[in-house]
Amino acid sequence: MSVEDRQRWNQRYAQGAFADRTWPSVLLADWVERIPVGRALDIACGAGRNSMYLARRGFDVTGIDISRVGLEHARRSAKDANLDIDWVEADLESGALPVDGPFDLIVLFRYVNLELVSRLPPLLAPGGWLIVEEHLLAVDAENGPSNPAFRVAPGALRAAVGDLHIETEQEGFVNDPDGRKFPVARIVGHR
């Protein structure tokens, strides 16, 4: 991401963006019970709602995001909840991730970077899980990014994860807990 992108996300979090979103991602909540507790990586974690959800469930969590302000919110929330989470500020488009695997679980929600997604399976431990949800290109999408660069084409997410054993994949509309309807591509797989 550019300096402008970092500034934009810092400004959004400073203005309270996503502050009302304290629930975990629905896809994560639906699958977490089936995944053995271990080391988890939350990519593009924002203010840390999924990282904190995983830490409460016993995972050893690292959350990565470009926004210093978002991570400051995450640190405060985790501290208030007495959760120990490793927060890393990093530009996810600058090359290699600043963390080493293997991870038992990697999650990435609605941050579109298919090249990065393709590099995640090798970071999984044997039997490790990958859960990804992206905004999907859709003609009648009313919510989510207006720029098609921040959406994936049908089939693109499946192609990006390579030869993972796929437990479920979905492309279509879902309702978020706040009542908004989004077109998404979802995939849950493991090594």
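With a 4.5 Å cut-off on side-chain heavy atoms, Ile106 and Trp129 do not count as touching. A 4.5 Å side-chain heavy-atom check between Ile43 and Leu97 finds at least one atom pair inside the cut-off. Within the 4.5 Å cutoff, side-chain heavy atoms of Ile131 are placed close to those of Ile35. Using a 4.5 Å heavy-atom cutoff, the side chains of Glu167 and His190 are in contact.
At distances below 3.5 Å, at least one donor-acceptor pair connects side-chain atoms of Asp65 with backbone N or O atoms of Gly46. A donor-acceptor pair under 3.5 Å links the side-chain atoms of Arg158 to the main chain of Gly162, judged by distance alone. At distances below 3.5 Å, not a single donor-acceptor pair connects side-chain atoms of Ser77 with backbone N or O atoms of Ala74. No donor-acceptor pair under 3.5 Å is formed between the side chain of Arg49 and the backbone N or O of Cys45. Here the side chain of Arg39 pairs no donor or acceptor atom with the backbone of Val61 at under 3.5 angstrom.
Side-chain contact, Tyr111 with Glu93: a donor N or O sits under 3.5 Å from an acceptor N or O.
Across all non-hydrogen atoms, the minimal contact from Ala29 to Pro24 is CB-CG, 4.2 Å.
Shown are Arg76, Arg68, Arg75; of these, the side-chain hydrogen bond (donor to acceptor under 3.5 Å, both in side chains) with Glu72 is made only by Arg68.
Between Glu133 and Arg186 a salt bridge is recorded (basic side-chain N to carboxylate O distance below 4.0 Å). Salt-bridge annotation for Glu134 and Arg151: absent, with no side-chain N of the basic residue lying under 4.0 Å from a carboxylate O of the acidic one.
Placement of Trp31 and Val26 in two distinct hydrophobic clusters is found when ILVMFWY residues are connected by side-chain heavy-atom separations under 4.5 Å, directly or transitively.
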